[in-house]
Amino acid sequence: MLQLPLVVTTQVDLVLVLVSLLAFWTRLSRLSSPNAVVFDEVYYGQFVSLYMKRVFFIDDSGPPLGHMIMALGAYLGEFDGNFVWNRIGAEYPSSVSVWSLRLLPAVCGALCVPLVYLLTLELKFCHLSALGASALLLLENSLIVQSRFMLLESLLIFFVLVALLSYLKFHNHPNSWFRYCWLLLSGASCAAAVGVKYMGVFSYLLLVGVASLHTWNLIGDRTLSVCVQCVCRAVCLLVVPVLLYVFWFYLHLTLLHRSGPHDQLMSSAFQASLEGGLSRITQGQPLDVSYGSQVTLRSSASQPIPCWLHSHKANYPIRYENGRGSSHQQQVTCYPFKDVNNWWIIKDAGRQELVVSSPPRPVRHGDVIQLVHGMTSRFLNSHDVAAPMSPHSQEVSGYIDFNVSMAAQNLWRVVSTPDPIISYQHPGTAGLSGVSLPDWGFRQLEVVAEKLFKAHSSSLGWTVEEHRYGTSQEQKEREAELHSPTHIDVDRKMSFWAKFLELQWKMLTVKQEDSEHKYSSSPLEWITMETNIAYWLHSSTNAQIHLIGNPVSWGVAHLSLLAYQLLAAVYLLRRRRGLKDLPDGVWAQFVCLGCVCVGGWLVNFVPFLLMEKTLFLYHYLPALCYLHLLSPALLEHTHTHLLRYTHTHSPAHRSTHRHALGVCLSASQLQALKWRDSWDILYRRR
């Protein structure tokens with residue numbers, strides 16, 4: 001029977017509540033200040049605007065989840081995307097809710113503080129150590145700065161901490177079926193961390209490694225169903241993250257359905273699936289390029305103004321102005337306007353037909369083809385004759401047989417899909433030289449052939465844009481067909497999986513050129529904090545924001561890392577000699593601390609030593625969080641198990657933090673804040 005009255009009893013950790021409130025105060029107070037673009041907000045803000053306008057983009061630096069989260073904050077603030085993100089320090093207009101743009105990164109940054117508190121408890125250390133770890137994160141200058149702006153690091157750290165905390169809760173409660181909810185949350189958080197930045201893969205691999213060791217230890221326990229345990233872990237930590245990772249891109253591609261500035265990077269089929277842009281041109285055109293297809297070929301190098309492979313009834317001069325001779329064959333150029341002379345027919349080199357057969361025979365990677373100019377029936381050709389403006393390259397022409405013992409060299413090879421890229425077979429490829437022809441070439445762009453094929457040169461690629469199936473074998477009928485194109489009713493939808501795989505490939509292969517940045521740094525400089533980053537400078541005063549760490553807490557963190565490694569080496573040597581200084585339970589706790597904290601630091605720091613890319617101080621923040629988690633726990637271990645025979649100990653380290661925005665300092669006061677000569681403090685001269 002139901003007993004009345006109903007009584008609910010709960011326990012509240014007031015310390016946890018206190019550090020949480022302080023975290024939200026330090027991260028969210030005066031969040032709209034400064035009312036200007038701060039450092040990488042100029043970069044991420046562009047993506048937020050594109051989300052608001054549903055315009056497709058590709059960010060080769062990482063997956064889209066972080067951008068979507070920031071776009072959600074912008075949506076909640078009714079941001080319409082109409083702001084030009086062109087420079088750091090640009091003032092936000094009154095119509096832009098700066099608070100909402102920065103809200104979600106700040107909330108995630110604030111939640112990291114209580115998460116570290118709970119994570120320390122799950123590592124089986126005391127509440128005082130948990131308070132110390134949360135205080136280190138709470139008062140860490142660099143984490144506060146990084147959390148208060150529209151940046152991704154606080155999102156990444158939040159999801160990593162949730163993943164670790166959830167897994168430890170699963171591991172520490174073996175007799176509850178509810179634990180599998182924690183395991184599922186851990187896998188989902190891993191997917192979110194990777195979805196924010198690929199750096200999240202480092203912590204994900206660490207968690208999978210720890211879970212694998214725990215699973216291996218379960219194999220010897222005959223009281224458990226090992227098969228069920230392994231399947232549950234595999235599903236939650238392997239299958240679920242993969243599915244969610246794909247889901248982030250499904251949302252990304254569903255939201256961004258309009259043509260945008262990054263279309264040129266994608267295949268013609270991908271572009272045609274977007275609203276506007278190429279889709280307006282290619283609507284109703286067949287997807288598969290076949291023998292007999294009539295196509296226009298756009299140069300991959302013609303950006304931002306496109307141009308298409310073109311020919312016309314005009315020949316190269318017999319001699320150029322400098323006295324060099326030419327082949328006097330039909331000119332082939334690149335023309336920046338839509339024109340009937342841009343159409344070419346793909347012909348099988350072993351057949352005479354210029355129409356599409358039934359059923360069509362698709363052109364495949366590696367096929368040897370001929371290209372016939374639609375309006376003049378000249379074969380695209382190149383031979384060992386110097387190009388008119390670029391004599392180090394070969395001339396490209398429409399072949400005319402003048403009976404002068406100059407055989408046609410008109411075989412071309414398709415070397416790439418899904419956008420067919422045509423290359424010269426003997427060997428080499430045709431591309432833009434970047435030079436305009438003189439008046440006899442109507443100022444159109446020169447097309448040349450390189451003898452040595454350069455597989456990764458963007459100037460040598462030609463992608464199929466407009467496309468239809470040719471039906472006219474006779475020249476007169478074909479000319480009429482080219483002037484009056486007819487479209488075939490074909491489904492233009494590209495499957496999600498095809499778009500997903502193409503987008504993944506582009507993100508991995510299309511990289512922007514890395515250039516040296518004023519505030520870039522090397523990983524070894526992060527440890528000693530040799531560098532800082534000036535995020536913002538007031539337009540008229542010396543008020544400024546810097547990403548810079550707390551030298552005291554950074555020093556303590558790295559000393560703790562060194563102390564743990566030395567202590568672990570001593571323990572291992574003594575255990576090897578049969579001397580067990582620690583009980584098995586304490587030893588397991590010490591090893592777990594090292595796997596999570598030292599292992600977390602290693603996987604988030606060592607890979608940067610091997611990277612050849614521009615790096616910044618904020619790349620070190622995830623690794624630093626692991627060390628702040630390590631320091632109080634190691635201090636507790638030392639006090640409890642190494643100094644247990646003494647009642648004296650040093651007072652705990654206290655770190656002070658002052659947070660102010662809009663404070664005007666004089667040059668002499670700013671100079672006093674420059675603790676290291678390598679720090680770049682800005683001074684505004686009056």
Side-chain angles (χ1 to χ4, degrees), residues 36-90 92-93 95-108 146-156 158-159 192-200 245 247-266 270-271 274-277 304 499-500 502-504 506-508 510-512 514 517 535 613-614 616 618-619:
V37 178
V38 175
F39 199 60
D40 273 351
E41 285 186 338
V42 74
Y43 177 72
Y44 295 116
Q46 299 176 42
F47 301 138
V48 170
S49 289
L50 292 175
Y51 270 115
M52 295 299 100
K53 298 178 180 180
R54 304 294 190 268
V55 172
F56 172 77
F57 69 87
I58 176 173
D59 179 15
D60 59 17
S61 66
L65 180 60
H67 305 321
M68 288 192 288
I69 292 175
M70 291 190 291
L72 175 60
Y75 174 79
L76 296 176
E78 299 181 347
F79 178 54
D80 58 6
N82 292 322
F83 179 75
V84 180
W85 309 85
N86 56 359
R87 64 180 179 88
I88 298 173
Y92 288 112
S95 60
V96 176
S97 175
V98 182
W99 188 85
S100 66
L101 289 176
R102 297 170 177 171
L103 175 62
L104 295 183
V107 169
C108 288
Q146 201 70 11
S147 299
R148 290 180 57 86
F149 302 108
M150 196 168 49
L151 306 171
L152 293 180
E153 276 64 34
S154 60
L155 301 174
L156 170 63
F158 167 75
F159 287 119
V194 177
V196 170
K197 275 191 138 182
Y198 279 134
M199 284 174 57
Y245 177 80
F247 180 66
W248 310 144
F249 282 91
Y250 177 80
L251 289 178
H252 176 72
L253 293 172
T254 301
L255 291 172
L256 307 183
H257 55 82
R258 294 173 180 165
S259 175
H262 294 173
D263 291 9
Q264 299 280 350
L265 299 175
M266 311 307 292
F270 193 108
Q271 295 179 54
L274 301 173
E275 293 181 9
K499 296 173 74 172
F500 170 75
E502 180 178 342
L503 185 56
Q504 290 295 297
K506 292 295 183 181
M507 290 175 63
L508 294 174
V510 178
K511 294 294 182 182
Q512 298 178 355
D514 287 330
H517 192 279
Y535 269 14
K613 59 175 293 186
T614 304
F616 296 92
Y618 56 73
H619 286 118

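Hydrogens, waters and symmetry mates are skipped; everything else that's a heavy atom, side chains included, is used.
F249 has its ring centre less than 6.0 Å from the ring centre of Y245. For an aromatic pair to be called close, the ring centres must be under 6.0 Å apart, and Y250 with F500 fails this.
The minimum heavy-atom distance between K499 and L253, with the atom names listed, is CB-CD1, 4.0 Å. Contact detail for S154 and C108: the closest heavy-atom pair is O-CB, 3.9 Å. Closest of all the heavy-atom pairs between L255 and R54 is O-CD, 2.9 Å. Contact detail for L503 and I58: the closest heavy-atom pair is CD1-CD1, 3.6 Å. The two residues P64 and H252 make their nearest non-hydrogen contact at CB-ND1, 3.4 Å. Listed here is the closest heavy atom pair of L101 and A74: CD2-CB, 3.4 Å.
Side chain of E41 to main chain of M150: a donor-acceptor pair is present (N/O by atom type, distance under 3.5 Å, no hydrogens or angles).
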Run the side chain to side chain contact (heavy atoms under 4.5 Å, CB included) test on L104 and F158 for me, step by step, so that the C-alpha distance in whole Å, both residues' side-chain angles and the decisive distance to 0.1 Å come before the verdict. CA-CA 11 Å; L104 295 183; F158 167 75; over 6 Å; no

As a quick check of understanding, evaluate side chain to side chain contact (heavy atoms under 4.5 Å, CB included) for K53 and N82, giving each step before the final call. CA-CA 9 Å; K53 298 178 180 180; N82 292 322; 3.3 Å; yes

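Around OH of Y198, the count of heavy atoms belonging to other residues, nucleotides or ligands within 6.0 Å exceeds 12. By the neighbour-count criterion of 12 heavy atoms within 6.0 Å, atom CD of Q504 is densely surrounded, having more than that number from other residues, nucleotides or ligands. Around atom CH2 of W85, more than 12 heavy atoms belonging to other residues, nucleotides or ligands sit under 6.0 Å away.
The line from CE of M70 to CG of L151 is 7.5 Å long, rounded to the nearest 0.5 Å. In this structure, OG on S95 lies 6.5 Å from CG on D80, to the nearest 0.5 angstrom. With rounding to the nearest 0.5 Å, the separation of OG in S49 from CZ in F57 is 10.5 Å. The line from CG of L156 to OH of Y618 is 12.5 Å long, rounded to the nearest 0.5 Å. The CZ atom of F247 sits 10.0 Å away from atom CG of L65, with the distance rounded to the nearest 0.5 Å. In this structure, CG on L72 lies 9.0 Å from CG on L103, to the nearest 0.5 angstrom.
At least one side-chain heavy atom of Y43 sits less than 4.5 Å from a side-chain heavy atom of D59. F79 has its side chain out of reach of S100: every pair of non-hydrogen atoms, C-beta onward, lies at least 4.5 Å apart. At a threshold of 4.5 Å between non-hydrogen side-chain atoms, the residues D40 and F616 do not count as touching. Residues Q146 and F39 have side chains not in contact (no heavy-atom distance under 4.5 Å, counting atoms from C-beta outward).
The side chain to side chain contact (heavy atoms under 4.5 Å, CB included) test with V37 singles out one residue from V42, N86, V84, and that residue is V42.
In this structure, F270 and F56 have tilted ring planes: the angle between them lies in the 30° to 60° band. Using cut-offs of 30° and 60° for the angle between ring planes, the H67 and Y44 rings count as tilted.
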